*Asks:* 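Sending over a structure as structure tokens; questions will come in a sec.
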Amino acid sequence: MSNASVVNEQLLQEVREVNLAYLVLAQHMIRADKSQARYRLGVSDEVASIVEQLTPAQLMKIAGSNQLILRFRFDDDVVWNLLTSHSRAKLAPGAAVAGLHANIVMAGQFAEAN
Amino acid sequence: MRIKSIVTESRQIQRAIALIKLGARLQVLESETDLSYERLLRLYKEVQGESPARGMLPFSTDWFMTWQPNIHSSLFLNIYEYLNKTTDLEEIDAIIKSYELYIEQIKAQSLDPLLSVTRAWRLVKFVDAGMITLTPCCKCGGKFVTHTYELTKNYVCGLCEPPARAGKGRGNVRAEEEAVV
């Protein structure tokens with residue numbers, strides 16, 4: 001087997017592991033508290049209900065794909081800039097709250113999206 | 001109002017316990033449950049091991065507009081609005097759950113929570129009464145707590161343009177100490 005396909009196989013394995021870890025975590029969170037889990041995950045009520053009902057066998061099957069089943073929840077540069085401490089420079093003394101800026105913007109956007 | 005159903009009563013007691021654990025004042029409990037004052041007092045002592053604080057609740061909307069409190073209140077209210085829009089929780093349950101999420105997020109940034117659950121509850125009541133609302137910042141698009149009738153067309157939030165002395169007050173002593181270490 002060539003080196004490239006070994007690397008590729010390893011990547012696929014990691015994708016499956018991330019998928020499974022994510023699904024298990026999501027299911028755990030939804031079962032603990034559905035409404036808080038929906039805030040954390042950013043999913044609709046329907047999706048949350050489906051994930052909640054999945055059996056372990058189904059989880060394994062869904063996770064065993066070559067695609068990631070989760071993706072970034074924000075795709076505009078504003079949030080990215082806030083997250084990557086872009087705005088912290090001018091807030092040096094009050095940097096403690098700068099981290100909340102991204103949280104506020106994200107929470108507001110999700111409220112609109114759902 | 002008298003409570004007829006035992007199930008309802010038990011649910012209200014659970015709710016009251018959750019609120020007491022988060023540090024709510026007795027006035028919040030009185031307003032959000034149908035339990036009698038005496039029972040709430042007993043419950044409070046049982047859960048907290050001490051008598052509740054006396055005196056009036058903070059009643060001003062101005063506190064929510066000062067720089068740091070505004071950031072904390074905005075975070076809480078955004079979470080609350082999210083839960084309120086996407087779930088069919090009762091108002092007080094949505095307040096409890098969003099306050100827990102707010103505390104989590106503050107702790108994750110290793111900050112001290114500035115917003116008490118009593119103030120958070122007050123904030124939601126102010127929003128219900130139309131005195132306070134969320135206004136989008138024209139720079140970052142994040143929504144922040146403002147008075148309802150303020151001029152908000154070109155509103156810029158306190159994080160995009162922090163005031164000159166932002167973060168230099170007493171509130172940030174801890175953060176500065178940590179920065180030195």
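Note on naming: letters A, B, ... go to the chains in the order of the sequence lines (proteins, then strands), and numbering restarts at 1 for each one. Because the structure is a prediction, the values reported are computed rather than measured.
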*Asks:* Using non-hydrogen atoms only, which part of Phe144(B) is less than 4.5 Å away from chain A: side chain, backbone, both, or neither?
*Replies:*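 For Phe144(B), the side chain is the part near chain A, not the backbone.
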
*Asks:* Should Leu59(A) and Leu70(A) be counted in the same cluster of Ile, Leu, Val, Met, Phe, Trp and Tyr side chains packed under 4.5 Å apart?
*Replies:*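 Yes.
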
*Asks:* So, do Ile71(B) and Ile104(A) sit near enough that their side-chain heavy atoms are less than 4.5 Å apart?
*Replies:*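 Answer yes - side chains close enough.
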
*Asks:* Do other residues, nucleotides or ligands put more than 12 heavy atoms under 6.0 Å from the CD atom of Gln67(A)?
*Replies:*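 It does not: Gln67(A) CD has 12 such atoms or fewer within range.
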
*Asks:* If hydrophobic clusters are built from ILVMFWY residues whose side chains come within less than 4.5 Å, do Ile30(A) and Leu20(A) share one?
*Replies:*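 Result: yes, single cluster for both.
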
*Asks:* Cluster question for you: counting only ILVMFWY and a side-chain heavy-atom cut-off of under 4.5 Å, with indirect links fine, are Leu75(B) and Val156(B) together?
*Replies:*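 Leu75(B) does not cluster with Val156(B).
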
*Asks:* For the backbone of Ser98(B) and the side chain of Gln36(A), can you confirm whether one donor and one acceptor N or O come within less than 3.5 Å of each other?
*Replies:*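 A pair under 3.5 Å: no.
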
*Asks:* Is the side chain of Tyr82(B) donor-acceptor paired with the backbone N or O of Arg38(A) at a distance under 3.5 Å, no angle test?
*Replies:*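 Side chain of Tyr82(B) to backbone of Arg38(A): a pair is present.
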
*Asks:* So, for Asn78(B) and Ala107(A), which heavy atoms are closest and what is the spacing to 0.1 Å?
*Replies:*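 Shortest heavy-atom separation between Asn78(B) and Ala107(A) comes out as CB-CB, 3.7 Å.
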
*Asks:* Taking side chain as C-beta onward, heavy atoms only, is His101(A) less than 4.5 Å from Cys157(B)?
*Replies:*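 Yes, side chains in contact.
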
*Asks:* How long is the straight-line distance from CG of Leu159(B) back to CG of Leu100(A), given to the nearest 0.5 Å?
*Replies:*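 So the CG of Leu100(A) and the CG of Leu159(B) are separated by 7.5 Å.
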
*Asks:* For atom CZ of Arg40(A), decide whether the heavy atoms of other residues, nucleotides or ligands shown that lie under 6.0 angstrom number more than 12.
*Replies:*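 Yes, the 6.0 Å shell around CZ holds more than 12 heavy atoms from other groups.
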
*Asks:* Do Val124(B) and Leu114(B) share a hydrophobic cluster, counting only Ile, Leu, Val, Met, Phe, Trp and Tyr and linking them when any side-chain heavy atoms are less than 4.5 Å apart?
*Replies:*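 In one cluster: no.
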
*Asks:* How long is the gap from CG on Leu89(B) to OG on Ser35(A), to the nearest 0.5 Å?
*Replies:*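 With rounding to 0.5 Å, CG (Leu89(B)) is 4.0 Å from OG (Ser35(A)).
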
*Asks:* If you tally heavy-atom pairs under 4.5 Å against chain A, which of Leu83(B), Ile79(B), Asp88(B) wins?
*Replies:*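 Among the listed options, the one with the most contacts to chain A is Ile79(B).
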
*Asks:* Would a single hydrophobic cluster contain both Ile103(B) and Ile17(B), if residues Ile, Leu, Val, Met, Phe, Trp and Tyr are joined by side-chain heavy-atom contacts under 4.5 Å?
*Replies:*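 In one cluster with Ile17(B): Ile103(B), yes.
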
*Asks:* Less than 4.5 Å to any heavy atom of chain B: does that hold for the side chain of Asn103(A), its backbone, both, or neither?
*Replies:*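 Its backbone and side chain both get close to chain B.
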
*Asks:* Which value, rounded to the nearest 0.5 Å, describes the distance between Lys97(B) atom NZ and Lys34(A) atom NZ?
*Replies:*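 Rounded to the nearest 0.5 Å, the NZ-NZ separation comes out at 12.0 Å.
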
*Asks:* Can you tell me how far OG1 of Thr86(B) sits from OH of Tyr39(A), rounded to the nearest 0.5 angstrom?
*Replies:*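 Between atom OH of Tyr39(A) and atom OG1 of Thr86(B) there are 10.5 Å.
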
